[in-house]
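Below: the structure, in structure tokens.
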2 protein chains.
Amino acid sequence: MQRNILGTRIPAGMHDFLPAELGILEKLEGKLLDRLRRWGYQKVLTPALEYAACVQPELDKDDELYKFFDRQGHILALRPEFTTPIARMVGARLRTLSLPLRFCYAGDVYRSSSAQYREFRQVGVELIGSGSALADAEVIALAAEGMRELGVADCQLNLGHMGIFMGLMSELGVPSEVQGALEEKLARKDLVGIESLVRQSDLSDQAKEILLKLPYLHGGEEILDELVRFSKQAEIREAVNGLREVYGYLKDFGVQDMVALDLGILRGFSYYTGVIFEGYVPGVGFPVVEGGRYDALYGDFGFPQPATGFAIHLGSLLGLFPHDGLEPAGVLVYGADRSEVIRRAQALRSEGKRVEMAFEVVSPEVEERWVEEKNISRVEKV
Amino acid sequence: MQRNILGTRIPAGMHDFLPAELGILEKLEGKLLDRLRRWGYQKVLTPALEYAACVQPELDKDDELYKFFDRQGHILALRPEFTTPIARMVGARLRTLSLPLRFCYAGDVYRSSSAQYREFRQVGVELIGSGSALADAEVIALAAEGMRELGVADCQLNLGHMGIFMGLMSELGVPSEVQGALEEKLARKDLVGIESLVRQSDLSDQAKEILLKLPYLHGGEEILDELVRFSKQAEIREAVNGLREVYGYLKDFGVQDMVALDLGILRGFSYYTGVIFEGYVPGVGFPVVEGGRYDALYGDFGFPQPATGFAIHLGSLLGLFPHDGLEPAGVLVYGADRSEVIRRAQALRSEGKRVEMAFEVVSPEVEERWVEEKNISRVEKV
């Protein structure tokens with residue numbers, strides 16, 4: 001049946017991958033997964049469809065999920081990330097295994113709010129069952145090595161801690177409406193917005209000074225010393241000590257040169273509880289790595305366990321690479337005797353060659369065009 | 001936030017893949033794709049979400065699509081198969097390439113009606129731009145070789161032709177309501193239903209005899225002779241000659257032993273127009289290979305081209321294989337000096353070894369359990 005205009009189009013935010021581009025995506029994904037496996041992470045896969053009650057339990061929240069009703073009237077959603085579905089899976093089926101568990105994944109996630117890409121490939125890990133700073137360091141170091149493996153060694157990982165913002169909010173007595181607005185602006189790194197929000201607030205001058213400084217606390221261990229001068233609050237102390245320990249291990253892992261401390265970072269997903277990090281690469285205007293500790297999520301699935309992990313947005317890195325992921329050069333076989341063409345093609349294939357068969361005798365002009373378009377290195381006329 | 005009962009469950013028809021099962025799925029997929037590439041098929045990928053107007057233009061049809069509205073009020077659907085999305089992609093972006101085009105794909109498709117699996121992995125090919133019987137033979141032979149490559153050499157491919165059923169219907173003057181009911185019963189191979197439907201119809205005795213015999217016309221070329229004795233109708237003649245030619249080429253391809261002619265098969269998707277085939281394996285109660293010629297679909301996207309292809313339902317073959325797709329055995333490293341543990345783990349990884357790091361000193365009992373559960377072949381205490 002003839003399609004109307006809509007039926008010939010691709011929905012907004014969706015993308016077709018032609019061979020050269022898909023080839024590079026899969027090459028990068030394969031490299032990254034090999035590295036994750038070498039660190040003991042085993043690959044799992046959850047379905048594209050989940051109950052919204054799993055991936056977004058706060059029903060009245062205006063979110064970026066693709067949602068719809070199933071035939072029973074339950075709300076289904078396309079997975080917006082893998083961390084929560086994997087927590088569901090582990091909570092339901094894998095409670096008796098020895099901890100820690102190390103899982104990795106690669107697959108597409110779906111978010112309806114993004115302008116350009118609403119389906120994008122993520123590769124990531126979850127490390128479940130350890131609250132150790134060494135576990136935090138392992139996933140950060142693995143993210144750094146993963147980016148190196150991809151050939152994106154100029155990736156900059158920024159390391160922060162949820163406890164710093166939370167501790168400051170309670171210490172400075174910031175009202176919850178200001179806190180919410182500040183959180184949102186920090187997550188978006190809206191420095192102008194933060195400045196105007198803080199200046200217009202009823203906070204003390206000292207509180208204002210600290211909050212205005214927060215987004216600029218970026219660098220080595222010296223910024224932790226600076227923070228400790230501001231505040232002796234227990235939650236902040238604990239966060240600072242945690243960051244120091246993790247940062248030290250990163251030196252042992254050989255990745256400290258890719259990591260900076262950044263006390264102003266705040267991750268968008270609400271499940272993070274401890275050390276958090278995000279990775280940037282030149283030429284991509286949003287974090288291509290997102291990760292951190294989320295010690296409360298497994299409890300929400302009845303299996304309280306500390307956990308940490310990260311996701312790399314592989315799709316957003318594609319623009320950094322030439323799209324040359326084509327198949328190896330092949331052989332073109334044609335001729336007047338079709339049975340002979342088939343037998344010759346089969347013989348070459350059994351030698352491991354890539355063979356395209358022409359169904360007719362082709363002209364020299366067609367042959368020349370095919371050699372170029374189809375990456376043919378040899379032509380056999382039988 | 002604590003999940004309610006629904007939030008801890010997986011939606012009906014969805015499936016989590018743990019490492020051993022996912023390993024075998026990916027091993028099979030990789031083998032199959034290698035084979036498809038060796039025949040000149042290049043991998044493409046279309047998005048999970050399409051406009052329903054693309055994948056199902058007949059809006060009032062009660063179908064098995066997962067459908068929902070986007071924010072503009074258009075109906076989106078999860079792809080139920082790849083053939084139509086690839087036609088959309090080729091029609092929109094690849095009209096100027098030399099024909100024929102050979103594309104392959106691997107990905108999940110979604111159908112809400114299936115009881116057990118509503119998300120399942122398909123691997124398949126599309127051969128676009130040739131109406132030659134040799135093109136039909138190529139895709140059938142490739143499906144047969146693909147099944148052999150998977151180690152399912154006892155796969156039986158049944159070969160039919162849409163023109164036979166259509167020709168008989170018009171020759172015998174079967175009323176459209178009987179035709180519709182018969183089509184549906186033939187597709188489901190409901191032999192009892194066919195018998196009762198035909199016997200109760202107003203058709204001539206000769207027509208009844210032919211229709212009752214149709215589902216049993218299964219075997220070698222002799223059944224084509226039998227059909228020609230029934231009917232001299234042009235559409236049927238053409239179908240028979242087409243099947244003879246294709247069947248002959250399958251001998252040259254070396255796969256004729258896996259293929260039988262079956263004049264009673266009728267494919268469920270409405271786009272098929274010529275030679276059609278389906279593959280069965282012992283122990284799976286539905287076709288695991290579905291394919292055939294669909295010469296009208298590209299015209300629906302404004303780029304009229306003959307085309308043929310197949311899909312293999314990889315997910316439904318998983319039960320035939322032991323779930324042993326685990327990672328290679330690894331090394332467990334632990335000790336009291338964490339920096340030393342990190343350095344040793346990193347050194348082993350740089351030699352290409354798979355290494356799990358323990359975050360604490362582990363007891364002999366824990367060590368023993370880990371060796372078994374985590375597939376560890378060596379333990380290093382540093």
Side-chain angles (χ1 to χ4, degrees), chain A residues 1-4 6-9 11 14-19 22 37-38 40 42-49 51 53-54 57-58 68 74 76 88-89 91-92 97-98 108 119 130 132 134-135 138 249 252-254 300-301 327 330 338-339 342-343 346 349 354-357 359 369-370 373, chain B residues 1-4 6-9 11 14-19 22 37-38 40 42-49 51 53-54 57-58 68 74 76 88-89 91-92 97-98 108 119 130 132 134-135 138 249 252-254 300-301 327 330 338-339 342-343 346 349 354-357 359 369-370 373:
Chain A
M1 185 172 161
Q2 189 72 37
R3 282 354 182 233
N4 61 24
L6 198 66
T8 64
R9 291 208 179 132
M14 299 293 133
H15 187 66
D16 289 319
F17 284 89
L18 297 182
L22 184 61
R37 288 186 167 117
R38 205 178 301 164
Q42 295 196 302
K43 198 175 172 202
V44 294
L45 182 64
T46 62
L49 285 174
Y51 286 121
C54 169
E58 294 165 67
F68 53 105
H74 301 311
L76 296 175
R88 172 192 54 67
M89 178 186 84
L97 291 177
S98 294
D108 291 320
E119 173 186 57
S130 172
S132 164
L134 192 50
E138 173 171 306
Y249 291 140
D252 297 320
F253 274 111
D300 294 346
F301 289 94
E327 308 298 327
R338 292 175 161 197
S339 295
I342 293 171
R343 282 192 287 270
Q346 290 291 77
R349 284 168 185 149
R354 187 172 74 80
V355 181
E356 294 213 33
M357 217 166 67
F359 302 127
R369 200 172 157 203
W370 284 22
E373 272 183 28
Chain B
M1 185 175 163
Q2 189 74 36
R3 282 352 181 235
N4 61 23
L6 199 66
T8 64
R9 292 208 178 130
M14 298 293 131
H15 186 67
D16 289 320
F17 284 88
L18 299 182
L22 184 61
R37 288 186 167 119
R38 206 177 301 163
Q42 294 196 303
K43 198 174 174 203
V44 293
L45 182 63
T46 61
L49 285 174
Y51 286 121
C54 170
E58 296 165 67
F68 53 105
H74 300 310
L76 296 175
R88 172 192 54 66
M89 178 185 85
L97 291 178
S98 294
D108 291 320
E119 173 185 59
S130 172
S132 165
L134 192 50
E138 173 172 307
Y249 292 139
D252 297 319
F253 274 112
D300 294 346
F301 288 95
E327 307 299 326
R338 292 174 162 199
S339 294
I342 293 171
R343 282 192 286 270
Q346 290 291 76
R349 284 168 185 149
R354 187 172 72 81
V355 180
E356 294 213 32
M357 216 166 68
F359 302 128
R369 202 175 154 201
W370 283 22
E373 273 183 28

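Atom set for the values below is all heavy atoms of this structure, side chains included, hydrogens, waters and symmetry mates excluded. Just so it is clear: chains get the letters A, B, ... in the order the sequence lines come, proteins before strands, and each one is counted from 1.
Among the candidates B/Thr8, B/Asn4, B/Val355, the residue making the largest number of heavy-atom pairs closer than 4.5 Å to chain A is B/Val355. The most heavy-atom pairs under 4.5 Å with chain A, out of B/Val44, B/Asp16, B/Leu76, come from B/Asp16. Highest contact tally toward chain B, considering only A/Ser132, A/Gly254, A/Ala92, is held by A/Ser132 [criterion: heavy-atom pairs under 4.5 Å]. Per-residue heavy-atom pair counts under 4.5 Å with chain A were compared for B/Phe359, B/Trp370, B/Tyr249, and the maximum is reached by B/Phe359. The greatest number of non-hydrogen atom pairs below 4.5 Å with chain B, out of A/Phe68, A/Phe301, A/Tyr51, is found for A/Tyr51. Ranking B/Pro11, B/Gly40, B/Ala53, B/Ser130 against chain A, the residue ahead of the rest is B/Pro11, based on heavy-atom pairs under 4.5 Å. By number of non-hydrogen pairs under 4.5 angstrom with chain A, the leading residue of B/Ala135, B/Gly91, B/Gly330 is B/Ala135. Between chain A and the residues B/Arg343, B/Arg3, B/Arg37, the largest count of heavy-atom pairs under 4.5 Å involves B/Arg3.
Nearest approach of B/Arg9 to A/Arg88, heavy atoms of both residues: O-CD, 3.3 Å. Among all heavy-atom pairs drawn from B/Met1 and A/Pro57, the shortest one is CE-O, 3.8 Å. Summarising the geometry of B/Ser98 relative to A/Glu373, their closest heavy-atom pair is N-OE1, 2.8 Å, with the distance given to 0.1 Å. For the residue pair A/Arg349 and B/Arg38, the shortest heavy atom distance occurs at O-CD, 3.2 Å. Shown here for A/Gly7 and B/Cys54, the closest heavy-atom pair between the two residues is O-CB, 3.1 Å.
Using modelled atom types, one side-chain atom of A/Glu119 and one backbone atom of B/Ala48 make a donor-acceptor pair closer than 3.5 Å.
Within the 4.5 Å cutoff, the side chain of B/Met89 has heavy atoms near those of the A/Leu18 side chain.
Looking at A/Leu97, both its backbone and its side chain come within 4.5 Å of chain B, counting heavy atoms on both sides.
Using a 4.0 Å cut-off between a side-chain N of Lys or Arg and a carboxylate O of Asp or Glu, A/Asp252 and B/Arg338 do not qualify as a salt bridge.
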